[in-house]
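Just so it is clear, the values below take in all heavy atoms, side chains as well, and ignore hydrogens, waters and symmetry mates. Just so it is clear: chains get the letters A, B, ... in the order the sequence lines come, proteins before strands, and each one is counted from 1.
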Amino acid sequence: MSLAVTSLRELAQIQHYYGFRYVLNPSVHEQIFDKLKLSKTYPKLDKLKVLDLYPGPAQHSAIFNNRYRPAQHVLMDMRPDFVKHISGLLEQDKTDKPAMQLYRHDPYDWKSYTDLTDADKILVPPRKGPEAIHDEFLIMANLTGMIGEGLFMQWLACIGNRNWLQRFGRVKMLVWLQECTAVKLLAKPGDHLRSKCSLVTEAFTDTKLVATMSNKKTGTSNFSEDLMAEHQPVMFSPQDVWLPSGKPLSLLEINPRDHRIDLDNFDYVTKHLLILKSTPLYESLDSLGHGGKEYFRQVIKDQNLLEKCPKNLTLSDFLYCTELFDKWPFKPDIYLDFIDVFQDND
Amino acid sequence: MLRCSRSCYRFHGVKRLIGQLRPLSQTAFLKKPSMNYYGLESGPSNDDIGFLKSSVVSMAPGFGTFDNAQAAAQAGESRNIMNLWSLLEACLHSGYMDRAFSILRSLYNLKSYRASFIDDYNKYLTKFAENATDLKTVDKKLFEDLQKTFPAVDYNDKTLAILIHNAIKLSDSKETRSKHCETYLRMAVSGYRGILSNVEVLTIQDYRTLLHDLGLIEVHDLPAELGPIVVASGVSPEGTEEPKRTAGGTHGITGMAKDSPEFAFDNEIKTVAKDAKELLAVDTIGMKVVRHTLLGLSLTEEQRKQVKDFNFETASNLLNFEEGQSNIDFFEIHRTLKTDEERESFAKALDEFNQDRQHQLEHRATDAAKERWRHDFEEAKARGDLSIQKKLNVKLWDWFNQMLPLVKEEVKRCAEVANHSVQDGSLSAKEKKQNKAREDYGPYLTLVDPEKMCVITILELLKLNSTGGVIEGMRTARAVISVGKAIEMEFRAELLLKNEAHVFKDIKKNSHVFKLLVQRARNTFRSMKIEESKILWPQEARAKIGSILISMLIHVARVRVEGTDPLTQEKIQGEAPAFSHGYQYHNGSKLGVLKIHRSLVHQLNGERLVAAVQPQLLPMLVKPRPWKSWNSGGYYYTQSTLIRSKESPEQVAYLKAVSDAGAIENVYRGLNVLGETAWTVNRKMFDMMSHVWNTGEPFLDIPGNQSKLVLTPQPPRDADPSVHRQWKLKNKELANEFSGGRSARCDANYKLEIARAFLGEKFYFPHNLDFRGRAYPLSPHFNHLGNDMSRGLMIFWNGKQLGSNGLKWLKVHLSNLFGFDKAPLEERIAFTESHLEDIKDSAEDPLNGKGWWKQADKPWQALATCMELNAALKLDNPCEFISHIPVHQDGTCNGLQHYAALGGDVEGAKQVNLMPSDRPQDVYSHVAKLVVARLEKAAAKGDETAEILKNKITRKVVKQTVMTNVYGVTYIGATHQIEKQLSTVFDDYKHSYELSKYLTKHVFASVRELFEGAHLIQDWLGECAKRISKSIRLDIDEKAFRNGNKPDFMSSVIWTTPLGLPIVQPYRENGKKQVATNLQTVFISDPFAVNPINARRQKAGFPPNFIHSLDASHMLLSALKCGENKLDFAAVHDSYWTHASDIDTMNVLLREQFIKLHEVDLIERLKNEFDERYKNYLQIIKIDKKADVATKIVDLRKELSQKLGRQFTLADEIYMEKKRVQLLESEDPVENGEGAEMVTTVSLLGEVEDIALLEKTSDASGIMVLAPLKLPQIPPKGDFDVKELENSKYFFS
DNA sequence: AAATTCTCTACCGACAATATCACTAAGTATTCA
DNA sequence: CTCATACTTAGTGATATAAGTAATAGAGAATTG
């Protein structure tokens, strides 16, 4: 028996969406799963555990579940309206072994995950090595809401750190994000949206644009031609999205990489250099600390590199700078790199 | 003497009459407040302490450069004009005449400022004439300019003064000189005096020429202050007599009458002192006299030796900044003098000495710093000790020397750009851009001596170390603006000095009395000069020059640093820039940061902060310049304004208007009393603190010397994100604590340093006001508003015998400082008397004794009082003790006192001691009691929450909320406060929060019950503010309608305090913009922009601000009266201080003033003022759709819409209504009739009897309509009569 | 015109985002009839 | 020589930045379709 796929009518009754948007067109989801070829990553579907974060209307969950029949499929959500909706949905599943289960915790809270895997042991993924993508665990999430971008950035950091759910191995994530976030994450050198998160994405993950919304008027997307050609994403129309108003969204497939990057220095260097992203390195390096200009001009022999602007640098350029930075005898204390704007006293 | 009317003279064809230039006097524009406004008050009366006169002035639109009624329309122009003015000034002083002229053209085109254009032109002409070599050039220039370039402008008396000065200077013969001068004098607009009053143009020599050589004027034509000086030269041109001394010379100058002095005029000094150097030279003769006087006093041998050894003639003895070096202890002399006569002559001599020192202090500060650096450098060099670990000052001297040529070069470049002597062609794009920028900041950069700019830059940056939450450095934005501001301040001071030098350039004061005379004239002159200057540099210009200078310093300043080799882990020595510009993020926003290298920071921590103390803003050695106008008062060479304006041109405009009308004299007087209170440092306390400080250990509120910030170790990479988060938080907390501790220590350091400098000195605090009229000392760091430590360091200079009541009050004071202040006076006295042993112990051995004083609420002040009391009690008759300690009398919840008086709440009044009682009432306990009563009642009904809470309620739980209630604390805010208290009892946050929410409701209700009337008034004030800030002026600018039919509201709440001070709430949306500077862009607000109102803040701020404006008035009135009664008086808002012996008198006076203040129905008066000020303003209301008027309005809108062929907008509606009102107010009966005929949406509404009946609350659907602004009715007042206060001894206690 | 979402939360003294790019308006040079 | 057009430049506005929404929650204003 397959799970019912929620109709649009039902969903219209849900009041609060907190800025989240969901694709509610089964065929789009089918196309997406066609494209993803998940059975390649997860050859033993009967062992696959899926964590579905902010599932909302859970249409995609149902479709996914019907299609792959994973060993375990946990939906984590805490928003009252959706909890109600999902509970209703799950009640229809009268089998002894329910296909999906709801875990009523806030996906924003780190504690929810330790509870899930350690305390409550609801979903316990096996630990896998760094050699390959985890083949028994998949994370799906919708982070199209207001807090989504911030949360995703933290998850990215978790991939770098190998903590959170990523401590179980290189766990694939399918994440719905606002299109503008996805654009930033996938920005290439030279793109004016090239930013720290683009570098982090590039450094820690192999990320693909799986699907994206077509522009209302032009029918094209806001991603560059190159990128569209490279990723060939599934396109869906604004009408496939609920709520009807809001910002466009995209689906990313994130495959964590095995890396050995000096995280703190990398973080410091990228953060600071990308502030003056259009200033040539020979100038912008000075903002790394006292005497930065002198030091780097001395140690960077490649004049071409010095002429480049941070936004044009490749990941390896940044890694090179990070390395040099680490070797700098007079480098500043990177752990004091913050400011208390209002040091209130009362 | 025959005087032609000016019309009979043709000056090179300039023929327009002055009358045409000023067709109407300013007052002609003033709209007379309507009769009923006067009517209610039955016209200005002698009883008016300021309110009436002032409110009438400020009610009239059309004053000043900032017209309330046209605020929005003129905002752009107003900003423009300020920038142009400041640029014009800068260009003139830099000698960029062409550029200056083109600015004049721009100014000329701003029609609304045409009236003041001639002033700007005069400035230009002055400069032009200075450079001219013959008379004709100037005449021709003036003719051409006024005839052709600026035809709509006519000259004024100042123009003529310039011409006269020029004629005297350039004429080759007496005839030409005479002819020209006579001609010019005849052209006078308002008589000879009009011309001759321009003392900043004419020199003493000029006056003398006119008076004696040419005989064109009479003595009575001269400005009063100058008369004697000018005449003197005529009487005894050769005279160089020393002033006569009274026999024995011991009484110094006392024997001389100032009005008939014998003058000395030095004819030998003919050369013009171009720069201000001469004026700065120490006045040798004056100092000799001072010294002589001092030695004539009955001094101890030691004191005599001090005076003898003291070098009065060098500027280096300004203040005692160096440890170990000792100045004369003037206080000790003052204290030990025996007779009044001696004291008086001492006071005079000291004052005279201090006049000079003050002058030096305000001027020589930067030089002094530089000299110190150089001195240390030379010394180190002599020792051959220029090694690696340089002393700080040696380093600074080094930077200074490296920076100087760069600055000079930059100044040169700027001059080149300004003179167009740069060929653009050969320059790179970058250089071109830089030159473009130079055009902007160049004029400002060339104004101040490069040496000074370097010193200022270095000092400012050192001063800003660890500010703005940066751990080792500062915010860039703050740095660039601070440096810019400091440069501007320097420029202003120099300018003033230069002008002064110009006027008095011919005078050499080799006579003592003559010098005094000149000093007096000079002070007057200075006031005039300061009043005249209205120009301030735009924030943008400040930021730009600040950034230029800072970037140069960054470039040159280097320090030795130590690093670690990444491979070998060995220590490596190196060199790095001392400053580094970078960025840090805060919540995703970038903040520009100027980092200071750690090695320098360490060095700075070890230094005493002598160098960085802002010398311009120290306490003053002489009485502050009395307040005379909105921008004249306080320091002598440093300009300060009466009100600390929050970049609100509106505030300034209102202030100017009433200031010019002379309507706030009482405010000035009150402030002057505060400024005239003489202080000195409590030496014993200083020694104590200094000792404690030097140990480096934490002690009371002085934090210890922490050397290094130690962070916690990083958790393993794969630890849970929440662990990482905690780690980050912990580190931030550590850093925060560290930098907090450091800045606290730094602050204490400043205080001690300033105190050290003023040991034994007599000093004063100049005050100004915040926008609500509360007074604050101008000097930061060390003042009586500071913390316990600051206060403990200060005593009155004058001593007064305690007397028996004084002794009692001193005891009460000590009790109060211990926090034992809620009991009757007798009990407080008893408290002190029961601790006499402790007091003795504390006073005599504060550190090693029992340290009883440390238990006090305010330990430092308590210790000071212990010492005082102990010293008094040692006398046979303690009542004869001469006491210097200020004794405080604090209002018990002063805000509520005013509210209770306004609302007439009997019980409330009683609880805040407005009514006589034998015990002081404690309003907090009373409220707690009321709350408990409520809880018990609820608990009796079975309310479980009440049951839990009912025996947890203490005074402390409700105190903060009762207190902040006056400030309009919200329900949420109060809940937090109460939760903080309850959290000590209940562990679970959720639970305690729930309880707090519940309790807050009851606390609010109880306060409301107790102060029923007061709360109605609070609500009423809030409602008024809300409606006003959501009201629409008829002549609103169309731009305000940019977002559809919803206008930007522009009216702020404005009222007049009882003393006549107009108050404009400055809360508007912040209109900050990014401004590019050399280092980065900075985000600053344009001070001249007029932004939409922030209605929320207007509403929330008005009730407390109104009350504060009342307590401020009360304070100033009390100050005034205390001044009249010869009391030394100081105040911290609602805490009034005077000598112990004068407390009784002060208490009577302050109660009288409170009664006087509240005898008038202030609320009614406020409503009248509002009704008048906001007459014809509109508001948007929602009325019932079905009402008749509603239909009519809809129909009218439709009709007009059809006529127009487009949507009939709100703007149109307002425009129509404006037309109607204009017609109605017209003098022309025809127009009047038209107005009456006219039908607008507003007039339709006017036909309805009671609009309020139609108003719809949100539920039903209605339509939005414009209605005349109507403020709610005044709530009823309770029965309390303020007269009852007269005998309430615990009112302030 | 109604509903959702955004902001602010006690007053004053008091103290502050910034880099970059796209777009527009205005000014300037160039070129062509 | 003038006009028109391309090109420059100055000024304005929008957007991204980092990355726990600080512990908390309700009223009132602002936005939005």
Within the modelled atom types, does a donor on one side and an acceptor on the other bring the side chain of [X] and the base of [N] under 3.5 Å apart?
X         : N      : value
B:Gln1080 : C:dA19 : no
B:Gln977  : C:dA10 : yes
B:His976  : D:dT24 : yes
B:Gln1074 : C:dA19 : yes

Return no unless some side-chain N or O of [X] is found under 4.0 Å from OP1 or OP2 of [N].
X         : N      : result
B:Lys590  : D:dA16 : no
A:Lys311  : C:dC21 : yes
B:Thr970  : D:dA27 : no
B:Thr1081 : C:dA19 : yes
A:Ser195  : D:dT17 : yes
A:Thr279  : C:dT20 : yes
B:Lys990  : D:dT24 : no

What distance do B:Phe986 atom CZ and B:Ser992 atom OG have between them, rounded to the nearest 0.5 Å?
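Reported value, rounded in 0.5 Å steps: 8.0 Å.
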
Please report the interatomic distance OG(B:Ser466) to CE(B:Met474), rounded to the nearest 0.5 Å.
8.5 Å

Reading DNA chain D from 5' onward, which residue's closest nucleotide shows up sooner: A:Gln154 or A:Cys180?
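On the 5' side of the pair lies A:Cys180.
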
Could you pick out which residue, A:Lys277 or A:Asp109, lies toward the 5' side of DNA chain D when each is mapped onto its nearest nucleotide?
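Whichever sits nearer the 5' end wins; that is A:Lys277.
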
Which part of the nucleic acid, if any, lies within reach of [X] when heavy atoms closer than 4.0 Å are counted: base, sugar-phosphate only, or nothing?
X         : value
A:Glu149  : base
B:Lys436  : sugar-phosphate
B:Gly1101 : nothing
B:Tyr971  : nothing
B:Arg644  : sugar-phosphate

With centres under 5.5 Å and planes under 30° as the test, does A:Tyr108 stack with D:dG20?
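Here A:Tyr108 meets both the 5.5 Å and the 30° conditions.
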
Using 30° and 60° as the class limits, which term best fits the ring planes of B:Trp1055 and B:Phe1102: parallel, tilted or perpendicular?
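Perpendicular.
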
Does the plane of the ring in B:His1133 sit parallel, tilted or perpendicular to the ring in B:Tyr776? Use 30° and 60° as the thresholds.
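B:His1133 and B:Tyr776: perpendicular rings.
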
In the strands shown, is [N] matched to any nucleotide by a Watson-Crick or G-U wobble pair with both distances under 3.5 Å, and which?
N      : result
C:dT24 : D:dA10
C:dC6  : D:dG28
D:dA19 : none

Ranking B:Ile481 and A:His192 by the position along DNA chain C of their nearest nucleotide, the one closer to 5' is B:Ile481

Between B:Ser482 and B:Tyr967, which has a closest nucleotide on DNA chain C that is more 5'?
B:Tyr967

Distance alone, cut at 3.5 Å: any donor-acceptor contact between the side chains of B:Ser589 and B:Asn587?
no

With a distance cut-off below 6.0 Å to the six-membered ring centre and an angular limit of 45° from the axis, does B:Lys732 pair with A:Phe338 as a cation-pi contact?
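Yes, B:Lys732 lies over the aromatic ring of A:Phe338.
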
Say we look at C:dC8 and D:dA22: how far apart would their P atoms be, to the nearest angstrom?
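One P to the other, the span is 13 Å.
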
Pairwise P distance, C:dA17 and D:dG20 [rounded to whole Å]:
22 Å

